[in-house]
Amino acid sequence: MINRTVKNIFEGTIEAKGLKFGIVCGRFNEFFVSKLLDGAVDAIVRHGGNADNVEVAWVPGAYEIPFTAKRMAASGRYDAVLALGVVIQGGTPHAGYINSEVAKSLAQISMEENLPVTYGMVTANNIEQAIERSGTKAGNKGADAALAAIEMANLSSILPNK
């Protein structure tokens, strides 16, 4: 619960009107990622945004997402950047290494560029979990990332800068 006795409270709204978004999508597991992208764009439009203010870059896989997110964030063209990808655990620890590096890199980009970069990555143990997080009973992590991006873009526009 938010303490309303404090005089200066900063909160972002979930209003996407006029905001511009860059979205980076990993093509590996594209069947699931396309559902995340659909969810993200739908959330932006449902909250007053315009699909014409969304630009999407597809990269080979999750590991390549931070490079493109960094370029998008540094461009000055966007109010927020979303990273969407799906990494499914296999028989080796490979997925854990990928997920860890992508998460750290995206957080670092956000801090370096002073721009919201949201994490819409599905990190699943199996295909069933990927299905659940890409638009079925566990929701759509792309839509979740879009809502976070909208709120953070609005919050960053009202926060003191220095």
Side-chain angles (χ1 to χ4, degrees), residues 12 14-16 18-47 49-90 93-127 129-136 138-157 159:
I14 311 291
E15 172 61 45
L19 297 177
K20 295 182 179 171
F21 302 93
I23 302 178
V24 186
C25 296
R27 193 176 301 110
F28 200 81
N29 292 314
E30 187 271 337
F31 175 80
F32 301 114
V33 179
S34 64
K35 307 294 185 220
L36 299 177
L37 177 58
D38 291 345
V41 174
D42 181 64
I44 290 166
V45 171
R46 285 179 185 260
H47 289 85
N50 187 329
D52 290 339
N53 288 336
V54 176
E55 295 182 340
V56 179
W58 284 89
V59 299
Y63 194 76
E64 293 77 26
I65 288 173
F67 173 83
T68 304
K70 172 75 169 176
R71 295 283 297 264
M72 286 181 139
S75 75
R77 294 173 57 160
Y78 309 105
D79 296 294
V81 173
L82 293 75
L84 306 178
V86 175
V87 180
I88 301 172
Q89 180 65 50
H94 177 77
Y97 297 131
I98 296 293
N99 293 332
S100 176
E101 290 305 313
V102 170
K104 285 189 284 189
S105 295
L106 294 174
Q108 181 178 355
I109 292 163
S110 186
M111 298 303 292
E112 287 174 357
E113 297 300 329
N114 197 28
L115 187 84
V117 177
T118 61
Y119 185 82
M121 304 294 297
V122 171
T123 57
N125 289 319
N126 52 52
I127 290 174
Q129 287 180 351
I131 291 168
E132 290 174 0
R133 290 164 175 78
S134 300
T136 61
N140 185 305
K141 299 306 174 196
D144 294 345
L147 293 175
I150 294 166
E151 183 174 352
M152 289 302 297
N154 285 312
L155 177 61
S156 67
S157 73
L159 282 175

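Only heavy atoms go into these numbers, but all of them, side chains included; no hydrogens, no water, no symmetry mates. Residue numbers start at 1 and run along the sequence shown.
Remark: D38 does not engage K35 in a salt bridge, criterion side-chain N to carboxylate O under 4.0 Å. A salt bridge links K70 with E112: the closest approach of a Lys/Arg side-chain nitrogen to an acidic carboxylate oxygen falls below 4.0 angstrom. Ion pairing of K104 with E101 is present here, as a side-chain N (NZ or NE/NH1/NH2) and a carboxylate O approach within less than 4.0 Å.
Side-chain N or O atoms of S134 include none that pairs as donor or acceptor with a backbone N or O of I131 at under 3.5 Å. Panel note: side chain D79, backbone A153; no donor-acceptor pair is recorded below 3.5 Å. No donor-acceptor pair under 3.5 Å is formed between the side chain of S110 and the backbone N or O of L106. Side chain of S75 to backbone of M72: a donor-acceptor contact under 3.5 angstrom is found. Under a 3.5 Å cut-off, the side chain of S156 and the backbone N or O of M152 do form a donor-acceptor pair.
Nearest heavy atom pair, residue P66 against residue V102, reads CG-CA, 4.1 Å. What you find for N50 and D52 is that their closest heavy atoms are OD1-N, 2.8 Å.
Atom CD1 of I14 has more than 12 neighbouring heavy atoms from other residues, nucleotides or ligands inside a 6.0 Å radius. In the displayed structure, R46 atom CZ is contacted under 6.0 Å by at most 12 heavy atoms of other residues, nucleotides or ligands.
If you take NE2 on H47 and CG on D42, they are separated by 9.5 Å, rounding to the nearest 0.5 Å. Within the model, atoms CZ of R77 and CD of E55 stand 4.0 Å from one another, a figure rounded to the nearest 0.5 Å. Separation of atoms CG (L82) and CD1 (I150) is listed at 8.5 Å; rounding is to 0.5 Å. Atom OH of residue Y63 and atom CG of residue N99 lie 12.5 Å apart, to the nearest 0.5 angstrom. Between atom CZ of residue R133 and atom CG of residue L36 there is a gap of 11.5 Å, rounded to the nearest 0.5 Å. If you take CG on L84 and NZ on K141, they are separated by 12.5 Å, rounding to the nearest 0.5 Å.
Partners of A143 according to the side chain to side chain contact (heavy atoms under 4.5 Å, CB included) rule, which considers only residues two or more places apart in sequence or in another chain, are A43, N140.
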Just do the side-chain contact (heavy atoms from CB on, under 4.5 Å) check on L19 and N154 with the steps written out, would you? CA-CA 9 Å; L19 297 177; N154 285 312; 3.9 Å; yes
Would you check, one step at a time, whether the test side-chain contact (heavy atoms from CB on, under 4.5 Å) holds for I98 with F28? CA-CA 13 Å; I98 296 293; F28 200 81; over 6 Å; no
side-chain contact (heavy atoms from CB on, under 4.5 Å) between I65 and M121, worked out: CA-CA 10 Å; I65 288 173; M121 304 294 297; 3.8 Å; yes
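In this structure the side chain of I127 reaches within 4.5 angstrom of the side chain of F32, judged on heavy atoms.
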